[in-house]
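Atom set for the values below is all heavy atoms of this structure, side chains included, hydrogens, waters and symmetry mates excluded.
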Amino acid sequence: MEQFQHYIGGAFSEGTARFESRNPATGEVWAMMPEAQAEDVNAAVEAAHAAFRSPDWAGLSATARGKLLYRLADLIAENAEVLARLETRDTGKIIRETSAQVAYVAEYYRYYAGLADKIEGAHLPIDKPDMEVWLRREPVGVVAAIVPWNSQLFLSAVKIGPALAAGCTMVLKASEDGPAPMLEFARIFDRAGFPPGVLNVVTGFGSDCGAVLTSHPKVSHVAFTGGPGTARAVVRNSAENLASTSLELGGKSPFIVFADADLDSAVNAQVSGIFAATGQSCVAGSRLLVEHAIKDAFLERLKDKAEAVVIGPPDDMSTEVGPLCTRAQVDRAADLVARSVAMGARLVTGGQALDRAGTYFPPTIVDCTDTPDAPCLTEEVFGPVLSVQSFETEAEAVELANATEYGLASGVFTRDLTRAHRMVRAIDAGIVWINTYRAVSPIAPFGGHGLSGHGREGGLQAALDYTKVKSVWLRTSDDPIPDPFVMR
Ligand code: NDP
């Protein structure tokens, strides 16, 4: 049985309690994880707070912070295989994806390493002749970061990279489901040479240790990725302390295909959009909106692809769809599909948990054209379930696309350039992919609005969000200060 530890103040510890972690491919317990209690979380926040004030971190130049992040990126690249295998084992995410993703995670750290000494203040052309006024950008302080099980190494990189580049320190709570990759990441982080306490990694049950962390008076900012329900609890907790928040939440993203699209590309992108990562992706293109004239032909091709997907153990390079992370996810997907079919939606393929060991649910397509209230169309499934609607006109496509409280991602497939531009303006989402889907880069901001949250990860903006602006006023005149009863 493998054992994992917390990382607090630069030291590894067992934690006051422990819990079992299961391999989703087999259902077997394979490791013991530390379960953070209030005292562990408090120790982690104290360590981050001490590090934030310590000359070893606060006194480092931005360039020196960048060099540490470069070293971390190199270590991640060197240990990519170990990290990928652990993520696959503990979460069921297929090795094909974890291998590629961990290698790219190193690039996120490199991007923020290079950015560290480019987070600039400004000089203001102030409207008073005897004043110099400039802005300093200073780190916000201790950041509490919370991530869900899917893509934890990636979802934490888009928080740790910009926060540390900006000079913050952090306590990261890994998900209780599949925390192994983050606890192994902590071991790697420890070798990069950061002062103790700059990053602390704990795991445990959200409702207990997550609540203590997000309401802690020494936390200045909460960076959260998860579902909207939990986000509300997180915001309520952080309000105790009036901490700022950035929220990367779920989605119900439209994938729109016009009749003039390159259909080979569109079918492949839709497969990637909903079945990759076994659908456990916040940007999953989970609502197919297809122009009526090509609906039947498109669905036929999609069904063939969905049924040909290789379902298997996540650690096999040939597997395309692996298990869902937990039994609860399987039950949720099955329930949403069953309730939709009971309302009159047409099951095109899939729909029921696979009768084998592990938590497997097959690629599923449900035609909801005549059931606009079907729950698999309106609720985030977070599994390989695609709901389908059709449209006759561009205006109708826009109306259906925006008929959701989420606003994270969207995809448009068309060869008509002017229409593509109109769709970009009309779609209410943080990301619009045209003739592609599920593309990300450290250079491009990522995030949404509405039930999908607020704030952006990736790009320069993410680093700026971990800073606060200080206005500095310097009087350049040696004359006596004029009338003290008049505001200058
Ligand atoms: P949850 O919201 O249930 O959990 C997310 C994290 O919050 C977990 O670490 C969880 O801990 C923790 N948590 C739970 N309760 C609390 C609490 N009261 N206070 C503080 N933390 C708490 O999300 P899921 O695990 O179900 O993840 C799936 C969701 O994440 C989906 O909605 C998905 O769309 C979204 N997501 C968004 C992404 C984005 O970038 N926009 C990317 C990936 C996923 P524990 O695991 O211990 O319960």
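- No donor-acceptor distance shorter than 3.5 angstrom exists from the side chain of Arg346 to the backbone of Thr369, with no hydrogens or angles considered.
- Residues Ala174 and Pro179 come closest through the heavy atom pair CB-CB, 4.1 Å.
- A distance of 11.5 Å separates CG in Leu183 from CD1 in Ile188, rounded to the nearest 0.5 Å.
- Residue Glu14 qualifies as enclosed at atom CD: its count of foreign heavy atoms under 6.0 Å is above 12.
- Judged purely by atom type and a 3.5 angstrom limit, Asn402 uses its side chain to pair as donor or acceptor with the backbone of Asp428.
- Side-chain contact of Ser265 with Asn435: a donor-acceptor pair under 3.5 Å is absent, judged by distance alone.
- Going from atom CG of Asp316 over to atom CD1 of Ile311 covers 13.0 Å, rounded to the nearest 0.5 Å.
- Looking at every heavy atom in both residues, Leu213 comes nearest to Ala145 through CD2-O, 4.4 Å.
- Note: Arg327 CZ to Arg22 CZ = 11.0 Å, rounded to the nearest 0.5 Å.
- Listed here is the closest heavy atom pair of Glu320 and Ala308: OE1-O, 4.3 Å.
- For the pair Arg110 and Glu107, the salt-bridge criterion is met [side-chain N within less than 4.0 Å of a carboxylate O].
- Residue pairs that meet the ring pair (Phe, Tyr, Trp, His ring centres under 6.0 Å) test with at least one member in residues 435-464, sequence neighbours left out, are Phe255-Tyr437, Trp433-Tyr437.
- Thr278 is not listed as a side-chain neighbour of Cys325, based on a closest heavy-atom distance of 4.5 Å or more.
- Between the side chain of Thr203 and the backbone N or O of Ala36, no donor-acceptor pair lies under 3.5 Å.
- Phe391 meets the ring pair (Phe, Tyr, Trp, His ring centres under 6.0 Å) test with Phe258; sequence neighbours excluded.
- For the atom pair Glu457 CD and Phe154 CZ, the distance stands at 8.0 Å (nearest 0.5 Å).
- For the pair Ser215 (side chain) and Asn237 (backbone), a donor-acceptor distance under 3.5 Å is absent.
- The line from OG of Ser151 to NZ of Lys93 is 3.0 Å long, rounded to the nearest 0.5 Å.
- Using a 4.0 Å cut-off between charged nitrogen and carboxylate oxygen, Glu248 and Lys159 do not count as a salt-bridge pair.
- Here CE of Met423 is found 12.5 Å from CZ of Phe413. Values are rounded to the nearest 0.5 Å.
- Gln3 CD: more than 12 foreign heavy atoms inside a 6.0 Å radius.
- The minimum heavy-atom distance linking Gly322 with Ile94 is given by the pair N-CG2, 3.6 Å.
- Counting heavy-atom neighbours within 6.0 Å of Arg356 CZ, excluding the residue itself, gives a total above 12.
- Using modelled atom types and a 3.5 Å distance limit, the side chains of His221 and Ser244 yield a donor-acceptor pair.
- Within the 4.5 Å cutoff, the side chain of Ser286 has no heavy atoms near those of the Val385 side chain.
- Nearest heavy atom pair, residue Gly227 against residue Leu249, reads O-CD2, 4.1 Å.
- For the residue pair Asp90 / Trp30, a side-chain donor-acceptor distance below 3.5 Å is found, with atom types taken as modelled.
- With hydrogens and angles left out, the side-chain atoms of Thr414 and Asp416 include no donor and acceptor closer than 3.5 Å.
- Taking a cutoff of 4.0 Å between a charged side-chain nitrogen and a carboxylate oxygen, Glu97 and Arg438 qualify as a salt bridge.
- Inter-residue side-chain proximity for Thr364 and Pro362 is flagged as met; some heavy-atom pair is nearer than 4.5 Å.
- Between Val41 and Val171 there is no side-chain heavy-atom pair separated by less than 4.5 Å.
- For the 3.5 Å distance criterion, the side chains of Thr245 and Ser238 fail to qualify, holding no donor opposite an acceptor.
- Inspection of the Thr349 and Glu307 side chains reveals an N or O donor paired with an N or O acceptor under 3.5 Å.
- Closest heavy-atom contact between Glu87 and Thr91: O-OG1, 2.6 Å.
- The aromatic ring centroids of Tyr104 and Tyr108 lie less than 6.0 Å from each other.
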